[in-house]
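First the structure, in the form of structure tokens, and then the observations on it.
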Amino acid sequence: MPFGIGNLKNLIILSKFVVGSRKGSRLEELNSLPHLQGELFISELQKVEEVRDVVDANLLQKQGLTNLSLHWDEHLENLQNHELEAQVLESLQPHINLENLNISNYGGAIFSSWLGGPSYTKTVSLCLRGCPNAILLPPLGQLPSLKELSLEGLHAVRMIGSEFYGSKRPFSSLRTLKLKEMLTWKTWFPYVGGPKEEVAFPCLQQLVVRSCPSLIGTLPCQLDCLIKLEIHSCRHLNNSISEVCLPSLRELYLEDCNEGVLKFLVNPTSLTILGIQNLAELVCFDQGYMRCLVKLKELHIGRCDKLTYLWQDGNEILNLTCLQKLAIESCPLFTSFVAGDGEIELPCSFERMELSNCTSLEKLPSKWHTFKHLIIRKCPKITGLTIPLDDPSSNNPLSQLEYLRIIDCDSLTSFPLAKGSLDALKTLCIGECEGVESMKEITVESLEEMTIDSCVNLGSLPQCLHTLFHLTRLEISGCPALEIEEDFPPLPITLSSFYLMNCPKIKCLPNQWHHLTFLHALWIINCPNIECFPKGGFPPNLRELDISGCENVKQAVREWGLPLLTSLQTLMIDFGRSMGGGEGDNVCFPSSKEEEDAWSLLFPSSLTELEITNMRKVERLSSGLHNHLSSLTRLAIYDCPKLRYLPEDGLPPSLPPMSGDRWMLKESGRRMLKTHWPLLAPHPRHPQHLH
């Protein structure tokens, strides 16, 4: 701490005090600061040498302190003086106006007597973290206004019982209770101290029990107001515990537990969200348990290695009349939704399904009503999305589907994209599907966004893209077999974003794309066989343009018509291998007989971001940048190893100071004309980068 901080007699705000051994950093300095208010974090408490210094700090008289954090070093281990730390904590008793208290890495075996005192009527939040030697909890149940309580890393606590509750009406205001990483905690005794009608935690709404591997005893058996319950990594907590009544429970999350933990909940009829992760031994849901979930809206299941199916027969889902979302992830034995060859009919409320990494699953349910959202990822045995043939117009299960995303499903070879099959579809994404070799005509007129990504065997695109009159976004990337030599399918006039990336066999671009007046974003990246851009120039209303990795485009940049793009704000150009008519191979960039006009011949004055890459021979930037690109806020220059001189007339005043990521020269020349740029210096952490 600054020497003499105790002399600031009228100091009101001191957010942190770091304890030290030298004079001026001892806790006694706080004695001279009676007006402190708000928050105070005291760290390095292990450096206290004399309890007298703590007593002199006189926290008890500081009425304005409302938030107090007491912190010892967490890496001391056997170097801790447990008795001294207990005396220090006892002497750090705050005023009763305290509202929030955090204690971290305290090494004593018992907590101070003032903790849990009923006189602390304003305390609403309390956290005890990393106190590995404490064997008993203080009577925190007697804090009448306590709403949030977190106990974490109290490894020596073996039981929670009467010492925790106190004498009467324990935890009368508590809303949130979190118990984490209590490695030897085995038993949670119920409150039995008061009259029969008096219960603990009468207002508790959220309970989290995480990483308590020894816990085998019961949870509180009556939590009438509990809304959210999370139990993680408590493998010995099973159906041997007493039944728990949770009439208001809406959200239940179970992770890394025994299957029996599901059975101790009595009639969870209010449950709306059930999340299950790594539930050992779960093969399918108990028939009686599913009958109770009449209000369930979301069911999430993940990493259940033995899960084979969800229900024993199709009738079990009849009670799930509110179910809207089902997500199943990383269940390698999951083969079907019901046992055997049974079928299920999803409820009318059902809207969303997500299936990920279910390597044994072969088919989807065939009966649903208002299904809107479907994601299938890494399910290699699913071969197709089928539509009943007897009456496709009335029984089409996909007729209401709005979002379809299929990723890494190699057996999937076709999609129901013909007219009348997916009339409501708005978003289609197909990625990493090796089995897809071609896409038939797409006549889904409702489609707004389409992405085709990393389909390595895809050889052609549908020719009717221009008929998709609602399509606004199209992305085609990572398709090395996609070959288009002469006629790129025409694009719809409604398109606003077009991204073409990593398609090395494409040799041409859509003709007459200057008619795409709604197109705002255009990326052509790593398409090395494209030799020229379509006649008529770029779409006129572009705001963002990226031309990179297209080294065979020999058409000079000044012939691209970029100055005509008066709405263009972001421009990225890679001049690698003489792309753009060798503009990046000149000594001066841009090159022009009249240097002052050089920038205006290449770029529109509307630019706010400009990124230039791979000008291997350029040594100097021309003058005129200052005036022509007067709105520029970001300038990035990459891989220009010979660049030595920036424009003599300076940079646009709109650029921020030459630091950070708004103005960057990366892997460019290290020698600069310092007479013009006195602020230019190597980056402190990366000397090869100049800012």
Side-chain angles (χ1 to χ4, degrees), residues 498 509 513-514 516 519-525 530 532-534 536-551 553-576 578-640 643 645-656 658 661-666 668:
F498 178 43
L509 294 168
W513 66 0
H514 61 279
L516 302 177
L519 195 67
H520 292 156
L522 175 61
W523 292 9
I524 310 294
I525 299 175
I530 292 177
C532 64
F533 297 120
F538 286 96
N541 297 317
L542 284 179
R543 297 175 185 170
E544 180 180 341
L545 176 62
D546 188 341
I547 306 295
S548 304
C550 302
E551 56 262 29
V553 174
K554 303 307 180 184
Q555 184 180 4
V557 177
R558 61 192 60 219
E559 296 177 7
W560 294 5
L562 295 181
L564 301 176
L565 304 179
T566 56
S567 298
L568 193 64
Q569 297 176 351
T570 300
L571 176 62
M572 293 160 279
I573 300 181
D574 178 2
F575 287 96
S578 300
M579 196 279 293
E583 186 72 46
D585 293 336
N586 298 313
V587 173
C588 181
F589 178 86
S591 60
S592 176
K593 294 180 180 180
E594 299 294 334
E595 187 171 307
E596 292 293 332
D597 299 329
W599 292 94
S600 62
L601 293 175
L602 256 62
F603 306 120
S605 60
S606 57
L607 286 182
T608 59
E609 296 190 34
L610 176 61
E611 183 175 304
I612 304 173
T613 307
N614 269 322
M615 298 189 299
R616 311 300 296 181
K617 297 181 180 180
V618 169
E619 298 181 10
R620 180 169 64 90
L621 297 184
S622 299
S623 298
L625 175 64
H626 178 278
N627 294 325
H628 182 62
L629 299 183
S630 58
S631 299
L632 205 64
T633 60
R634 178 178 181 266
L635 174 62
I637 303 174
Y638 297 101
D639 299 316
C640 303
L643 182 64
Y645 304 107
L646 297 179
E648 291 188 0
D649 58 347
L651 295 174
S654 53
L655 277 175
M658 287 186 280
D661 64 350
R662 307 304 295 172
W663 199 101
M664 180 180 297
L665 289 127
K666 184 176 182 181
S668 299

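Please read all numbers here as calculations on a predicted model, not as lab measurements. No hydrogens, no waters, no symmetry mates; every other heavy atom, side chains included, goes into these values.
Here the CG atom belonging to Leu655 is positioned 10.0 Å from the NE2 atom belonging to His626, to the nearest 0.5 angstrom. Note that CG of Asn541 and OG1 of Thr566 are 7.0 Å apart. Values are rounded to the nearest 0.5 Å. Residue Ser654 holds its OG atom at 8.5 Å from CG of Leu629, rounded to the nearest 0.5 Å. Rounding to the nearest 0.5 Å gives a distance of 11.0 Å between CD1 of Ile573 and SG of Cys550. Atom CZ of Arg543 sits about 11.0 Å away from atom CG of Leu519, to the nearest 0.5 Å. Atom CG of Asp574 is separated from atom CE of Met579 by 6.0 Å, given to the nearest 0.5 angstrom.
Residues Pro604 and Leu565 share a closest heavy-atom pair of CB-O, 3.4 Å. Summarising the geometry of Ser600 relative to Pro563, their closest heavy-atom pair is O-CG, 3.6 Å, with the distance given to 0.1 Å.
For the side-chain contact (heavy atoms from CB on, under 4.5 Å) with Leu621, the lone residue among Ile612, Leu651, Leu643 that qualifies is Leu643.
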Handout entry: side-chain contact (heavy atoms from CB on, under 4.5 Å) assessment of Val557 paired with Leu562
Key = CA-CA 8 Å; Val557 177; Leu562 295 181; 4.1 Å; yes
Practice task
Would you sort out whether Ser591 and Glu583 count as a side chain to side chain donor-acceptor pair (under 3.5 Å), showing the intermediate values?
Solution key: CA-CA 7 Å; Ser591 60; Glu583 186 72 46; 3.1 Å; yes
Practice task
For side-chain contact (heavy atoms from CB on, under 4.5 Å), just list the numbers for Met615 and Asp639, CA-CA rounded to whole Å, side-chain angles, deciding distance to a tenth of an Å, and then say yes or no.
Solution key: CA-CA 7 Å; Met615 298 189 299; Asp639 299 316; over 6 Å; no
Exercise for the section: Apply side-chain contact (heavy atoms from CB on, under 4.5 Å) to the pair Asp546 and Ile525, showing each step before the final yes or no. Expected result: CA-CA 7 Å; Asp546 188 341; Ile525 299 175; 3.6 Å; yes
Problem - Worked check of side-chain contact (heavy atoms from CB on, under 4.5 Å) between Tyr638 and Asn614 - result: CA-CA 6 Å; Tyr638 297 101; Asn614 269 322; over 6 Å; no
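A donor-acceptor pair is defined here as one N or O able to donate and one able to accept, closer than 3.5 Å; such a pair exists between the side chain of Ser606 and the backbone of Leu568. Looking only at distances, no side-chain donor or acceptor of Ser623 sits under 3.5 Å from a matching main-chain atom of Pro647. Although no hydrogens or angles enter the test, the distance criterion places no donor-acceptor pair under 3.5 Å between the side chain of His628 and the main chain of Leu601. Side chain of Thr633 to main chain of Thr608: a donor-acceptor pair is present (N/O by atom type, distance under 3.5 Å, no hydrogens or angles).
Using a 30° and 60° split on the angle between ring planes, Trp599 and Phe589 fall in the perpendicular class, above 60°.
Ring-centre distance between Phe538 and Trp513: below the 6.0 Å cut-off.
Two residues are said to be in side-chain contact when any heavy atoms from C-beta on lie closer than 4.5 Å; Thr570 and Arg634 fail this criterion. Counting heavy atoms from C-beta on, the side chains of Leu602 and Trp560 never come closer than 4.5 Å. Side-chain contact between Ile524 and Ile530 is present, with heavy atoms from C-beta onward closer than 4.5 Å. By the 4.5 Å heavy-atom criterion applied to side chains, Cys640 and Val618 are not counted as neighbours. Using a 4.5 Å cut-off on side-chain heavy atoms (C-beta onward), Ile547 and Leu545 make contact. In this structure, Leu625 and Pro652 have side chains that are in contact, with non-hydrogen atoms separated by less than 4.5 Å. Contact annotation: the side chain of Glu544 never approaches that of Glu609 to less than 4.5 Å [non-hydrogen atoms, C-beta and beyond]. Side-chain atoms of Thr613 and Phe575, non-hydrogen and from C-beta on, never get closer than 4.5 Å to each other.
For Arg620 and Glu648, the salt-bridge test fails: no basic side-chain N is under 4.0 Å from an acidic carboxylate O.
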